[in-house]
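Since the model is a prediction, treat every value here as computed from it, not as a measurement. Residue numbers begin at 1 in each chain, while the letters A, B, ... track the order of the sequences.
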Protein chains: 2
Amino acid sequence: MAVTIRDVAQRAGVGVATVSRVLNGTGYVKAETRERVLEAAAALGYVPSQLARGLVRHLSDTVGLVIPDITNPFFPLITRGVEDAASEAGYTVFLCNTDNDPALEAHDVQKLRERRVDGIIFVGTTERRELVDRLLADGVPMVVMDRQLGHADVDTVLVDNRWGALAACRHLIELGHRRIAHAAGHQSTRTGQDRHEGYREALEEAGIAYDPAAVVWGDFTYESGYRVGQVLLGRYPRPTAIFAGNDLIALGVIRAAEEAGLSVPDDLSVVGFDDIQMSAVVRPGLTTVRQPAREMGRLAMAMLLERITGKVSGPGRRHVFQPELIVRGTTRRREPLA
Amino acid sequence: MAVTIRDVAQRAGVGVATVSRVLNGTGYVKAETRERVLEAAAALGYVPSQLARGLVRHLSDTVGLVIPDITNPFFPLITRGVEDAASEAGYTVFLCNTDNDPALEAHDVQKLRERRVDGIIFVGTTERRELVDRLLADGVPMVVMDRQLGHADVDTVLVDNRWGALAACRHLIELGHRRIAHAAGHQSTRTGQDRHEGYREALEEAGIAYDPAAVVWGDFTYESGYRVGQVLLGRYPRPTAIFAGNDLIALGVIRAAEEAGLSVPDDLSVVGFDDIQMSAVVRPGLTTVRQPAREMGRLAMAMLLERITGKVSGPGRRHVFQPELIVRGTTRRREPLA
DNA sequence: TTGTAAGCGTTATCAA
DNA sequence: TTGATAACGCTTACAA
């Protein structure tokens, strides 16, 4: 840890600038000199300091990824996509978990700024609008992922949540369901709101009255789905189908149904959102709306890079992925009551 | 991004050293002066540079976490544990995915060293012994997690894989199974080897001959489990139970069994390893060996911190967690053939 | 082609 | 209590 560019220069019998040049491939260097430098560096086990480098370059080649919880199966996919694109471009990523806590979000972002990340990919709560605005105002490149933040003028990559929910509920309606409940996600996230919106829209276009009592909010976890499922299934008349805010919730709902002695899909149809691995593994397979999470992560990082390098500037761009309805085994035709 | 400690000093009408003192809480500063500095910093929106700070302190307050794949449900838990402990201590973590590729492992570690992380938590392949040795020799604090690396003299936190496998197989044996196959993990990981060892040991102590044909290696994925399951179930005589290298593999095996028209646990008992969330969600619930992944992550970070701060020095320590057999629905008594 | 030296933004030493 | 000032390790004009 003690060997610096100076040591390398000395050992190679050249100036530090020359060492810098060969190591960075900038400027002309005689082949023979280059050899000597490389040899010296190798012999000394020289590890250049990106700290020092970053200080002068005003670039750290690092980015920050701020997500709610890596433990929620949806985020590892996004994270992997981001990481893949980042490391291909020579960047390293800082990971921060916020649990959707606005205070933690602010804290993490602050830390990242102190670390002088070149950009931030942010999956945050709706409340964080000012946070993002400030970042933007301060010229920190960033892209907001998965959730839309107000009308902030930022690069955003997400899926059409409203449309996805709409497709999911239409599917249910086509199957003959009328009493469709919604086990909703986190109410303070735009994602949760948009999916709820799609649900509502589907009912409307089918001429089904929207019943506020048929939607129960929670958060995006399995446990929440279980609790909300219990509530919903205790209602009378009982819903014949439930559209869940995401797959974890859907799985929790199914668990609650089972415990209530209900069979899915015979007594209850369930649709999720995301298409995490678990959804394809459980039996029956979960009907859901697929989100290309990994590609979304890649794209977000690619867009961030364009901002960092200045290849792109100007108003925020939006890339909206079209989700895809994946019909598996948890949905089934509702036989008309005799 | 342009405001520096100098600007703050000027605005507060003090020297930079004073600003540094109040911001870091080091040394004496008159209350009134402190106020002025704080005000100036706030007014200017000053964000101290950890790059510059790290350069002089020779500490970056960052750590690197190197894992195979965040997409494998076991690692988010570990990652979260590490992150929790890290952020509590004021550290930020760099995340690297290696896909168990030795070349990538080396590359990522190099990157982390350049970034001057204060320490590294490493989940790598057995082959990387030299890599770890070099790190140690260079005085980079580190702890190896989940997998044991040779007899390298490093802090290590893992679970007793041999014992866990032993417990799993004993369970199967107690249930009356004799033809027990092993859908093994990645052969080049110590983890995979140890679990295989426990499997073998259980058979031996029960007086069951170890049959090399009954163990098939793959990697720690669902797909691998599916493929290996097909192979194993095609054997004659067919095994009545399969011990899988981890939960994902177990789930893949179960899928293969289903497709072969076999019922789990009636025709085949299956036990996994890890106890990821999915294992509790699927029906029937997967019998498995629980690993306290999140706590392991926390502990690893805590141990790393002790090295970084110099609170602990000397030979590598090992913390071996005792795994716990969780019996759920995929294992069942083997009725003696009539 | 290559070397010298001036920063980059902080901390820490030494006086005052 | 506080202020200069010398590092920290590297990049980049500017000269040579």
(request) Could you check how far CZ of B:R116 sits from C1' of D:dG9, rounded to whole Å? (result) 8 Å
(request) Using a strict 4.0 Å threshold on nitrogen-to-oxygen distance, state whether B:E32 and B:R36 make a salt bridge. (result) yes
(request) Could you list the residues that satisfy salt bridge (Lys or Arg N to Asp or Glu O under 4.0 Å) with A:R11, not counting sequence neighbours? (result) none
(message) Holding to side-chain hydrogen bond (donor to acceptor under 3.5 Å, both in side chains), I want the full list of residues that pass it with B:N24, two or more places apart in sequence or in another chain.
(response) B:S20, B:R53
(message) Among residues at least two apart in sequence or on other chains, which ones pass salt bridge (Lys or Arg N to Asp or Glu O under 4.0 Å) with B:D61?
(response) B:R57
(request) State which of C:dT2, C:dC8, C:dT10 makes the closest approach to the side chain of B:T4. (result) C:dT10
For residues 66-76 of chain A, please give each side-chain donor-acceptor pair under 3.5 Å, one per line with the distance, not counting sequence neighbours.
unit_1	atom_1	unit_2	atom_2	d
A:D69	OD1	A:T71	N	3.0
A:D69	OD1	B:R80	NE	2.9
A:N72	OD1	A:F74	N	3.1

(request) Respond yes when some side-chain nitrogen or oxygen of B:S49 is under 4.0 Å from OP1 or OP2 of C:dT10, and no when none is. (result) no
(request) Select from B:L55 and B:G27 the residue whose nearest nucleotide in DNA chain D is closer to the 5' end of that strand. (result) B:G27
(message) Rounding to an integer number of Å, can you tell me how far B:H58 NE2 sits from C:dG9 P?
(response) 19 Å
(message) Among residues at least two apart in sequence or on other chains, which ones pass side-chain contact (heavy atoms from CB on, under 4.5 Å) with A:E39?
(response) none
(message) In whole Å, I'd like the distance from the CD atom of B:E35 to the P atom of D:dT1.
(response) 14 Å
(message) If I take atom CD in residue B:Q10 and atom C1' in nucleotide C:dG9, what distance separates them, rounded to the nearest angstrom?
(response) 15 Å
(request) Find the distance B:K30:NZ to D:dG3:C1' and express it as a whole number of Å. (result) 14 Å
(message) For A:E306, give me all partners under salt bridge (Lys or Arg N to Asp or Glu O under 4.0 Å), at least two apart in sequence or on another chain.
(response) A:R317
(request) Not counting sequence neighbours, which residues clear side-chain contact (heavy atoms from CB on, under 4.5 Å) with B:A106? List them please. (result) B:R128, B:L131
(request) Grab the CZ-P distance between A:R115 and C:dG9 for me, whole Å please. (result) 18 Å
(request) Would you mind reading off the distance between B:E114 atom CD and D:dG9 atom P, rounded to a whole angstrom? (result) 15 Å
(message) OP1 or OP2 of D:dT2 versus the side-chain N and O atoms of B:T33: is any pair under 4.0 Å?
(response) yes
(message) Measure CG/A:D61 against P/D:dT11 and give the value in whole Å, please.
(response) 11 Å
(request) Look up atom CD in B:Q291 and atom CG in B:D146, then write down how far apart they are to the nearest 0.5 Å. (result) 5.5 Å
Atom pairs, N/O to N/O, protein against nucleotides 11-13 of chain C, distance under 3.5 Å?
unit_1	atom_1	unit_2	atom_2	d
C:dT11	OP1	B:N24	OD1	3.4
C:dT11	OP1	B:N24	ND2	2.9
C:dT11	OP1	B:R53	NE	2.6
C:dT11	OP2	B:S20	OG	2.6
C:dT11	OP2	B:N24	ND2	3.4

(request) With axes from five pairs an end, tell me the bend angle of the helix from C:dT1-D:dA16 to C:dA16-D:dT1, nearest 10°. (result) 40°
